[in-house]
Amino acid sequence: MSARISGISGKVGFNDLKQLPGFWTRKLGKDLYEVFIGPQHPGSGHMRIIIRVDGDVIVEADPDMGYVHRTMEKLGEGREWIKGIPLYERMAIHDACNVTLPYVEAVEKLLGIEPPLRAKYLRVLLCEINRIAAFLYGFGIFGVFVGHSTMYMWPFGDREVWVELADWLTGARLTHSYPIFGGVRRDAPEGFTDSLRKAIRYMRKRLEEYRKIYVDNPVIRARLEDVGVIPRNLAIELGITGPNLRASGVEYDVRYNAPYEVYDELDFEIPVFQEGDSLARVWQRVEEIKQSLHILEQVADWLDKHKGEQIMHDRFWKTAPPLYKKVFQETGRVKLVPVFALLKVPKGKAYARAETARGEISYYVESNGANKPYRVRIVSASARNAIVFKYILPGHRVMDLPTIYGSIDYFPPEGDR
Amino acid sequence: MPPKPVPKTKPKRGIFHKFKGNLEAIIVGVKYFFDPERFTLVYPKEYTKLREGYRGFIVLIKDKCIHCASCARICPASAMKMIRIPQKDPKTGKTKMVMWPVINYQRCIFCGMCVDVCPTEALYHVPYHDVVYENLAEMDIDLESFTKPPEYKTAKEGIPVRYVIDEEKGLVKVPYKEGEEK
Amino acid sequence: MNWIELIIKIIIWPPLWQLIVLGLIVPLVVVIGILWFERKTAARVQRRFGPLHVSPQLGGALQLIADLMRYAFQEVIIPKTVDKGVFLLAPLTALVLSIVPLVAVPFTSVARWWPIPMDYSVLISLALSTVSAIFIVLASWASNNKFSIIGGMRESYMITAYEIAIIISILSTAAMTLSYNFVDVVNAQEGWKWFAVLNPLAFLAAFIGVLMATSGFPFEIPESENEVVAGPYTEYSGLLYGVNMGAAYIKRFVYSVLITLAFFGGWLPYHPGTGFLSGYLYPSIIVVVKATILMAIFSFLRAVYGRYRLDQALDFAWKILFPLALFGLGLGILEAYLGLI
């Protein structure tokens with residue numbers, strides 16, 4: 001078919017075109033009404049959901065993603081190893097540390113190094129700050145989707161607290177580029193843990209107010225309850241991940257099933273809700289924020305006890321000149337040895353995964369011994385969650401579409417990579 | 001202590017949940033109506049004084065530079081480039097080509113890796129980011145302007161403030177005084 | 001008689017006064033004020049400043065004038081696929097018809113200052129208030145757009161469900177006073193016997209009905225932004241879109257005036273005199289101020305609530321609000337029978 005289209009000049013029939021992927025057509029039922037939600041639509045992100053409605057009820061839904069595909073994997077093959085870190089965090093910049101951490105871990109596995117303990121705690125610190133900020137971002141989007149303008153503004157305002165903390169720690173509000181092969185780039189500054197504890201107490205107070213004005217608000221509760229139910233077996237079958245999976249009653253969290261960094265030393269719960277509807281997904285996120293706050297408290301205590309420890313692996317720190325150590329003592333900034341620019345990673349394959357705010361992200365990294373990766377394969381959480389729309393939208397009303405879209409917390413740039 | 005999964009269910013509804021829910025929502029709304037606790041930055045009248053260590057614009061200290069090109073090599077966005085400039089050697093009097101880094105702010109992503117990799121601390125960040133360029137060509141910085149901090153043109157008449165994290169109000173704006181850190 | 005007297009006489013001629021001054025100019029001012037209040041209230045609850053920079057001394061009130069001018073001078077785009085005549089006429093007709101109920105509303109007890117005889121004013125004003133919604137549905141049909149048509153369908157469902165509750169609950173005041181005359185309804189509330197206190201069921205039904213039927217954010221299910229872009233108004237732009245929005249707000253103002261007269265004692269406790277000032281202007285101002293306060297309460301609720309789903313809203317209307325209005329009617333009749341009024 002493709003030979004005919006490319007070979008014969010200009011003689012392409014309509015029937016040939018119809019077989020090309022973008023031209024698939026299908027007959028509509030007699031009473032069906034086809035509505036295109038997106039990609040330039042206030043209710044969708046950078047994606048399109050084609051729905052067919054019978055009256056007010058959706059009978060068919062096609063999620064159509066890929067509008068913000070940026071060839072992350074291919075771009076990564078043309079750059080040196082370290083340049084992948086600022087690149088991959090652009091998948092989900094408000095969740096930057098979580099998204100890039102498995103890449104760093106996979107490369108560390110290939111290099112055969114393990115970061116110092118304090119560096120691990122600092123990574124967990126930024127990961128949890130990012131996780132809370134990303135959940136709040138999701139809440140804000142969800143709020144505007146169900147027409148609750150206060151829930152749009154409040155989480156975005158409170159997210160500023162966590163962004164401010166991340167800015168103080170790393171020097172950038174969103175694109176931190178914080179974890180790096182062998183450690184992290186900055187130490188926690190003076191007075192950071194005190195502010196962190198204040199922010200934790202503030203956030204606990206605010207979660208209670210969120211509950212009052214939003215989650216327990218009868219209007220919102222009526223919108224969310226028993227809407228978009230993902231049954232346990234369907235959730236497992238579709239391979240969805242993250243809070244959406246746990247809200248359906250599946251005990252799966254990478255921090256629990258395959259602990260990385262220091263998550264196995266920390267005491268926290270993995271909340272698992274049983275109902276699997278939109279309201280359970282909201283409660284899931286609220287409970288996870290509470291657990292993240294609990295983790296942050298423990299990390300703050302640990303960091304206070306172990307001040308001034310090394311945060312870079314010896315391989316890159318032992319040979320560092322005295323100036324480097326002086327800068328680290330004075331400002332907490334880890335200077336990179338120039339070898340980082342042309343780092344050659346030993347031949348091999350590595351796999352690493354992490355739990356981001358939206359679910360599991362996994363990196364498969366292959367090196368052929370050069371200073372650039374041979375292959376980096378990324379499977380992000382949103383890419384796995386997008387399929388849900390096809391299966392749970394049918395049977396719901398048109399006004400449930402934004403509710404379900406918001407409660408899944410789908411983030412197109414992450415899904416499209 | 002490893003993490004452990006805990007099964008949970010949605011909170012149960014009480015008998016008067018509708019009445020209680022409406023009342024609680026309206027009370028919280030009224031509370032914030034009378035006591036807004038806002039942390040909006042009224043931008044031209046006040047601007048944030050960012051902390052030391054913020055990854056803002058990059059400045060070169062010419063005397064410290066050893067022309068090693070590490071910064072250009074590590075730059076993930078290829079914003080930093082080395083250019084060759086003929087320069088007289090003071091000892092021998094001969095003219096030779098010397099490499100100097102320059103930066104193109106159209107490409108820079110402010111990851112700060114060049115600053116961290118510089119073996120002599122010849123590069124540093126200025127703690128501000130709102131600099132105005134009148135056209136794209138200006139953003140391609142030449143060596144002379146790279147050695148000077150970019151001119152801070154915006155919100156000059158405003159007062160500098162700094163956000164401090166507060167237990168009750170989240171973020172509180174505190175007026176910043178010169179020389180006072182933290 | 002000189003010219004100035006003639007002009008004044010024309011202006012204070014009751015039909016002109018009530019339709020043009022009270023129906024068009026006062027709502028414009030009130031709507032600008034209410035929109036400003038709504039934005040500032042929402043901003044306070046949401047910990048923002050809201051409009052501020054256009055006129056910092058006035059708290060950003062001139063921002064609304066600027067927005068109005070932007071709408072007025074924006075290009076009106078008429079898509080090729082629409083039914084041009086209906087597309088243009090529908091919003092204008094809806095605007096005019098949303099003002100018309102005011103002609104049957106007395107702003108004073110003095111018969112000289114009534115536009116029409118007020119014997120059946122409750123019935124006439126309620127009947128006229130239901131007409132304009134048809135033209136919104138017509139506008140959505142003329143737009144020939146999928147989102148518009150879904151929005152128009154929703155509008156028709158919502159209007160039918162909620163206007164019945166409004167009509168029955170306002171008619172319950174007629175039952176309480178055994179008269180279809182708004183003046184009698186107001187005069188029966190003499191001595192702070194407001195019907196909102198005597199018959200809270202009917203008042204609640206009317207309040208919620210107006211909140212839902214006039215589609216202010218976030219109760220604007222027909223033009224719910226997240227699924228149907230702007231509902232019936234998706235294809236409208238510039239001044240025509242402004243006219244559509246204005247019609248919705250004028251409708252809300254007219255309903256607020258009706259509720260003020262029916263439940264909040266109209267111009268009472270002021271007793272109108274005979275002249276223009278004491279007989280017409282002051283009572284009108286009192287009624288408008290009461291209606292504005294009511295609209296301000298509507299505006300505050302925007303910051304607290306989210307949007308109902310269409311079927312839940314209809315469920316609520318038919319299963320809770322409609323019986324509530326009927327109970328209000330029964331309570332009114334009972335109170336009238338017991339002689340409490």
Side-chain angles (χ1 to χ4, degrees), chain A residues 79 82-83 86-87 150 157-158 160-161 164-165 167-168 171-172 175 177 185-186 189-191 195 198-199 201-202 206 209 212-213 216-218 221 251 253 255-256 259 263-275 279-280 283 287 321 323 327 331 333-336 338 340-342, chain B residues 1-11 13 17-22 24-29 31-32 38-40 50-56 68-77 109-113 115-121 125 127 163-171 182:
Chain A
R79 288 154 197 256
I82 193 161
K83 299 184 185 176
L87 174 68
T150 300
D158 291 331
E160 201 65 16
V161 175
E164 185 73 20
L165 279 173
D167 176 17
W168 195 5
T175 49
S177 307
R185 284 178 60 190
R186 303 224 180 156
E190 195 66 31
S195 289
K198 279 183 196 164
R201 286 195 287 269
Y202 169 72
R206 290 291 283 170
E209 283 173 350
K212 280 182 186 162
I213 207 164
D216 269 357
N217 190 328
R221 201 162 166 153
E251 292 168 8
D253 188 315
R255 291 175 293 172
Y256 162 67
Y263 278 115
D264 48 351
E265 293 171 24
L266 297 166
D267 168 36
F268 65 101
E269 295 172 358
I270 307 291
V272 178
F273 276 79
Q274 308 299 320
E275 292 89 347
L279 189 63
W283 274 113
E287 291 295 325
L323 175 71
V327 169
T331 63
R333 204 148 53 83
V334 174
K335 285 191 70 68
L336 312 174
F340 265 116
L342 295 166
Chain B
M1 257 185 292
K4 54 186 177 299
V6 177
K8 300 207 169 181
T9 50
K10 289 179 295 190
R13 294 169 162 203
H17 69 278
K18 279 208 166 146
F19 179 73
K20 189 166 161 262
N22 279 316
E24 276 182 344
I26 289 175
I27 285 173
V28 171
K31 183 193 153 202
Y32 277 91
R38 3 170 121 103
F39 42 77
T40 310
L50 295 161
R51 291 187 175 84
E52 283 304 317
Y54 182 83
R55 304 203 303 241
C68 70
S70 284
C71 47
R73 233 179 275 133
I74 206 166
C75 182
I109 58 170
F110 299 98
C111 65
M113 282 185 183
V115 176
D116 283 354
V117 86
C118 181
T120 53
E121 282 281 278
H125 288 292
Y163 278 121
V164 173
I165 286 160
D166 185 83
E167 204 177 316
E168 288 302 312
K169 298 183 175 179
L171 287 177
K182 215 185 134 206

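Just so we're on the same page: letters track the sequence lines, and every chain starts at 1.
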Segment of B:C75 engaging chain A (4.5 angstrom heavy-atom cut-off): backbone

Sidechain-backbone polar pair: A:R79 side chain, B:P76 backbone, donor-acceptor under 3.5 Å: yes

Below 4.5 Å from any heavy atom of chain B, which atoms of A:L342 appear? Answer side chain, backbone, both or neither. side chain

Quick test of your reading of the model: are B:E168 and A:K198 salt-bridged, counting only N-O distances below 4.0 Å? no

So which part of A:P338 gets closer than 4.5 Å to some heavy atom of chain B, the side chain, the backbone, both or neither? both

Taking side chain as everything from C-beta outward and backbone as N, CA, C, O, which of these in A:E160 sits under 4.5 Å from a heavy atom of chain B? Side chain, backbone, both or neither. both

Separation between CD1 of B:I26 and CD1 of A:I213, rounded to the nearest 0.5 Å: 9.5 Å

Can a salt bridge be assigned to the pair B:D116 and A:R185 using a cut-off of 4.0 Å between side-chain N and carboxylate O? yes

For residues B:I165 and A:L165, determine if any side-chain heavy atom of one lies less than 4.5 Å from a side-chain heavy atom of the other. yes

With a 4.5 angstrom heavy-atom cut-off, which part of A:V334 approaches chain B: side chain, backbone, both or neither? backbone

With a 4.5 angstrom heavy-atom cut-off, which part of A:E269 approaches chain B: side chain, backbone, both or neither? both

B:K169 versus chain A, heavy atoms under 4.5 Å apart: side chain, backbone, both or neither? backbone

Rounded to the nearest 0.5 Å, the CD atom of B:E167 sits from the OG atom of A:S195 at a distance of 11.0 Å

Indicate the atoms forming the closest heavy-atom contact of B:G53 with A:R186, along with that distance. O-NH1, 2.6 Å

Let me confirm one number: the CZ-CG distance from B:R51 to A:D167, rounded to the nearest 0.5 Å. 7.0 Å

Report which part of B:L50 has an atom under 4.5 Å of a heavy atom belonging to chain A: side chain, backbone, both, or neither. side chain

As an exercise, state the distance from OG1 of B:T120 to NZ of A:K335, rounded to the nearest 0.5 Å. 7.5 Å

Less than 4.5 Å apart, any side-chain heavy atom of B:D166 and any of A:Y202? no

Counting heavy-atom pairs under 4.5 Å with chain B, the top scorer among A:T331, A:D216, A:L323 is A:L323

Structural part of B:Y54 lying under 4.5 Å from a heavy atom of chain A: both

So, taking the atom named CD1 in A:I82 and the one named SG in B:C111, what distance separates them when rounded to the nearest 0.5 Å? 8.5 Å

With only heavy atoms counted, which part of A:P259 is less than 4.5 Å from chain B, the side chain, the backbone, both or neither? neither

If you measure from the Lys or Arg side-chain nitrogens to the Asp or Glu carboxylate oxygens, is any gap between B:E52 and A:R333 under 4.0 Å? no

Closest heavy-atom pair and its distance - B:I74, A:K83: O-CE, 3.6 Å

Counting only non-hydrogen atoms closer than 4.5 Å, does A:L279 touch chain B with its backbone (N, CA, C, O), its side chain (CB onward), both, or neither? both

With no hydrogens and no angle check, just 3.5 Å: does a side-chain donor-acceptor pair link B:Y32 and A:E209? yes

